[in-house]
**Q** 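Would you mind keeping the following structure in view while I ask a few things?
Note on naming: letters A, B, ... go to the chains in the order of the sequence lines (proteins, then strands), and numbering restarts at 1 for each one.
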Protein chains: 2
Amino acid sequence: MTPKLTNDSLEPSGVTTGSPGPTEPIEVKFDAAPGEQKPTDRISIRDVAKEAGVSVATVSMVLNENPRISRATHIRVQRVIDNMGYRPNRLAQSLSSRFTQVLAVMLPPLRHAFADAYFGEILSGISDRAGKLGHKLLIEQAKPQYIKEGKHIELYERRFVDGVLCVGFNEKHTFLTDLRQYPMILVDNRFGDGMLDYVHCDYRLGAKQAMNCLLQLGHRNIGMIYAAPESPTARDVLEVYSTELRNAGINPKESWLADGCFTDEGGAAAAHLLTTRDKDITALLCGNDKMALGAIRYLVEHGHKVPQDISVVGFDDIQHLAYANPSLTTVHLPLYELGVAACERLVSRIRGKVDRISDVLPTHLVLRESTSIVRTR
Amino acid sequence: MTPKLTNDSLEPSGVTTGSPGPTEPIEVKFDAAPGEQKPTDRISIRDVAKEAGVSVATVSMVLNENPRISRATHIRVQRVIDNMGYRPNRLAQSLSSRFTQVLAVMLPPLRHAFADAYFGEILSGISDRAGKLGHKLLIEQAKPQYIKEGKHIELYERRFVDGVLCVGFNEKHTFLTDLRQYPMILVDNRFGDGMLDYVHCDYRLGAKQAMNCLLQLGHRNIGMIYAAPESPTARDVLEVYSTELRNAGINPKESWLADGCFTDEGGAAAAHLLTTRDKDITALLCGNDKMALGAIRYLVEHGHKVPQDISVVGFDDIQHLAYANPSLTTVHLPLYELGVAACERLVSRIRGKVDRISDVLPTHLVLRESTSIVRTR
DNA sequence: CTGAAAGCGCTTACAG
DNA sequence: CTGAAAGCGCTTACAG
């Protein structure tokens, strides 16, 4: 835990002065630093104005590509800007303007939120699009203490960000309604009585695609490993699951349902529960890939062949799971595109271009090895 | 791909005005919003000063807990601050002061950088500590275009951040030397001729622990799946691997080495190469857990029992891999603690308290099921 | 111990 | 089309 200080061989000229306690911050100068940036004080807009022989207002307008500036002036000033290597101080820009050009991604307080394939894929889309739109991204985790201290509100009130993307929350996270008066968007869920913007995957469509696949393969006794029934999109899947069974003339049993908590271990436990409670189950629909993998692991380790004895379908289409054995048939969620869309729409909202966001992105089924025609007794 | 706009049943009072193209930004007002925050203009330090009957300088000093303010005044002003719900505008604070109180985490341009267990664990530590130190975290990905445009330098020059934590880079990423004059720290690597601060895990110790384990179990023909030999810490492992073999009187063969690219598939391919090239190999040391898992997958699928035929040791101790079958013996890297330490040290550096950072954190071996005593012919 | 004033580096009406 | 000036909301010497 405690950092062990070492001066290993890479250290060239033992520049280790003992830290003399709190002192004045010191500008550390490196002796041998060829090609160093101009060590002069930072260039301000005033310096550029002087050099270009115009007012600071003009430089500002060139910077912001204000069309009121003549083409000739624009080019001339821009050249000076480039030559001087001037970079506007964005604190001053944001203080003067309405915008910070920063967004926050709010993650739930899960231990491994940053190492999660689902969040990661969404974050990837958000990050790429934010970059293209000229926005920076702050990452925040909604820990209890954080919420208690009102840090989520400070994000706006203290002008850290223009908007927040909320990933991985459901209606139980009531603190999110604190943000309803600010630009924010729920990513891959919906709730809040129409007061909160959202973008999510079409879980109903996905569930339909998965059930359609299993029913076509002749399965009738289909179990379901769900999770987080407090989440509207999770309920979508449950509902479609029941509806599709009924449409096929099958009466869904209570004993076909088990909660897998969205985790690998939960999926394994649920598979155990379902298969011991009801020996007739020939297929499992799982609310996400992690639970599907856990279920497969359990099944294989306990003498059920997948897919010969039991077919398994997941949800998410997490990367690197195609390599699992058997590889997983799953509903592909367009998570990257979801991140892109959420970011895009949130920025539009910030710029005042839309009132209310409620987008739904289509899914598709990826057929791999974990499903097959129903076993014959 | 294209967002399909839907107005589903959650939408209450069809507030869907067609977006009329670019217009003036509009403050969207919600009709029914009980318990809404005071819709008055944001409170500034001046308002607080007036209300408390002191100068803005005094309020500022109370805010910053300047000891020059008397206890009585402090308490009185603080009460006014609390009552009014005043939150200082941090853009103004940062513009006036030397600091932004923001750090950036720089990630390499890998497709799944945000969904990576290794990065995620480090990020978790960084994030937690940054929060405690009152710093926000920006996430940046060093894509080629990003570097070309000098965005990494802008991070400082435009005053986005006070410092940058660089995770997952090696000496081939030469753009990092552009940052040597600013507060930055390499996380889990070291390079740059002693000009760059760093904190990394003790890969030499880890390699020693792994080799010690395998040698004690009687293994002599030990293969190694390495990756990124351009990385000094990766070379540490390779060196110790050779040294330990020699110390045990074994002459390491060239054919015992294969590059696994740090990926699952790479690990599988490397295992294939090694086991077909040299049938005598009884153990594999892998540069990370992903490659170890790939190797195990390959071995199991091709008739080698793990650990009975071949023992496998990984590096990282990624979460949820304890559930693999067989579970993985691996060198635990204190990645969370590494993130914490890096963040802590970087902030000290920013505050001018240290000159040069070069910390190394100890590892330990976690013995699980993928290793056993050497097979007898 | 506290206040008045300058300044951080921009943008935005307002003139012309 | 461009400039002078006010202002964004803080902090920091400088006085007293």
Side-chain angles (χ1 to χ4, degrees), chain A residues 24-25 40-78 80-81 84-102 134 154 156-160 162, chain B residues 24-25 40-78 80-81 84-102 134 154 156-160 162:
Chain A
E24 281 292 324
T40 97
D41 287 305
R42 252 190 266 272
I43 302 160
S44 85
I45 196 171
R46 207 159 330 184
D47 303 318
V48 177
K50 204 171 297 170
E51 181 77 15
V54 296
S55 72
V56 294
T58 300
V59 178
S60 172
M61 287 167 140
V62 169
L63 239 30
N64 295 301
E65 301 190 327
N66 189 317
R68 279 164 41 192
I69 298 298
S70 76
R71 206 172 133 59
T73 312
H74 189 292
I75 292 176
R76 189 161 48 86
V77 173
Q78 186 62 56
V80 174
I81 288 173
M84 300 181 77
Y86 166 64
R87 307 181 204 254
N89 180 324
R90 71 106 197 177
L91 292 169
Q93 288 184 311
S94 295
L95 183 60
S96 295
S97 76
R98 270 175 56 79
F99 305 104
T100 64
Q101 305 270 77
V102 179
E154 285 192 355
Y156 300 93
E157 292 287 316
R158 299 194 54 200
R159 308 223 46 210
F160 281 103
D162 295 330
Chain B
E24 281 293 324
T40 98
D41 287 306
R42 252 189 265 271
I43 302 160
S44 84
I45 196 171
R46 206 159 331 184
D47 303 318
V48 177
K50 205 172 295 171
E51 181 77 18
V54 296
S55 71
V56 294
T58 300
V59 178
S60 171
M61 287 167 139
V62 169
L63 240 29
N64 295 301
E65 300 189 329
N66 189 317
R68 280 164 42 191
I69 298 297
S70 76
R71 206 172 132 61
T73 311
H74 189 292
I75 291 175
R76 187 161 50 84
V77 173
Q78 185 62 56
V80 174
I81 288 173
M84 300 180 76
Y86 166 65
R87 307 180 203 254
N89 180 324
R90 72 107 197 176
L91 292 168
Q93 288 183 311
S94 295
L95 184 60
S96 295
S97 76
R98 267 177 57 81
F99 305 105
T100 64
Q101 304 271 75
V102 179
E154 285 192 355
Y156 300 93
E157 292 287 317
R158 300 194 53 199
R159 307 222 46 208
F160 281 102
D162 295 331

**Q** To the nearest angstrom, how far is Arg87(A) atom CZ from dC8(C) atom P?
**A**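 Whole-Å distance recorded here is 21 Å.
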**Q** Starting at atom CD1 of Ile69(B), determine the distance to atom P of dT2(C), rounded to an integer number of angstrom.
**A**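 About 5 Å, once rounded to whole Å.
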**Q** In whole angstroms, how far is the P atom of dG7(C) from the CG atom of Asn89(A)?
**A** 17 Å
**Q** Under 4.5 Å between any side-chain heavy atoms of Gln78(A) and Ile69(A), yes or no?
**A** no
**Q** Could you check which nucleotide pairs with dA13(C) in any of the strands shown, counting Watson-Crick or G-U wobble with both distances under 3.5 Å?
**A** none
**Q** Can you tell me the base-pairing partner of dA4(C)? Count Watson-Crick or G-U wobble geometry only, both distances below 3.5 Å, and say none if there is no partner.
**A** none
**Q** Should Glu51(B) and Met84(B) count as side-chain neighbours, where that means a heavy-atom distance under 4.5 Å?
**A** yes
**Q** Expressed in angstrom and rounded to an integer, what is the separation of Arg46(A) atom CZ from dG9(C) atom P?
**A** 8 Å
**Q** Protein-nucleotides 3-5 of chain D N/O pairs closer than 3.5 Å?
**A**
{"residue": "dG3(D)", "atom": "OP2", "partner": "Ser55(A)", "partner atom": "N", "Å": "3.0"}
{"residue": "dG3(D)", "atom": "OP2", "partner": "Ser55(A)", "partner atom": "OG", "Å": "3.1"}
{"residue": "dG3(D)", "atom": "OP2", "partner": "Thr58(A)", "partner atom": "OG1", "Å": "2.5"}

**Q** With a 4.0 Å cutoff (strictly under), does any side-chain N or O of Asn64(A) reach OP1 or OP2 of dT11(C)?
**A** yes
**Q** Check whether any side-chain heavy atom of Gln93(A) lies under 4.5 Å from a side-chain heavy atom of Arg158(B), and answer yes or no.
**A**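 A side-chain contact under 4.5 Å exists here.
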**Q** Atom CD of Gln93(B) and atom C1' of dC10(C): how far apart are they, to the nearest Å?
**A**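 The answer, rounded to whole Å, is 18 Å.
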**Q** Once you round it to whole Å, what is the distance between P of dT2(D) and NE2 of His74(A)?
**A**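 Answer to the nearest Å: 11 Å.
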**Q** To the nearest Å, give me how far apart CZ (Phe99(B)) and C1' (dC10(D)) are.
**A** 16 Å
**Q** What contact category does Ser94(A) fall into here, base, sugar-phosphate, or nothing, at under 4.0 angstrom with non-hydrogen atoms?
**A** nothing
**Q** Taking the nucleotide of DNA chain C with the closest heavy atom to each, which residue, Ser96(B) or Thr73(B), is nearer the 5' end?
**A**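 Nearest nucleotide further toward 5': that of Thr73(B).
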**Q** For the side chain of Leu95(A), counting heavy atoms from C-beta on, which of dC8(D), dC10(D), dT11(C) is nearest?
**A**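 Nearest listed nucleotide: dC8(D).
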**Q** Using 0.5 Å steps for rounding, measure from the CZ atom of Arg159(B) to the OG atom of Ser94(A).
**A**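 Interatomic distance, Arg159(B) CZ to Ser94(A) OG, rounded to 0.5 Å: 12.0 Å.
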**Q** Is there side-chain contact between Arg42(B) and Asn89(B), with heavy atoms separated by less than 4.5 Å?
**A**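 The answer is no, as the side chains (C-beta and beyond) never meet within the 4.5 Å cut-off.
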**Q** Are any of the side-chain heavy atoms of Val80(B) and Val59(B) separated by less than 4.5 Å?
**A** no
**Q** Pick base, sugar-phosphate or nothing for Ser60(B), based on heavy-atom distances below 4.0 Å to the nucleic acid.
**A** base
**Q** Nearest-Å distance, CG (Leu91(B)) to P (dG9(C))?
**A** 15 Å
**Q** Does a side-chain heavy-atom distance below 4.5 Å link Arg76(B) with Val54(B)?
**A** yes
**Q** OP1, OP2 of dT12(D) versus side-chain N and O of Ser97(B): anything below 4.0 Å?
**A** no
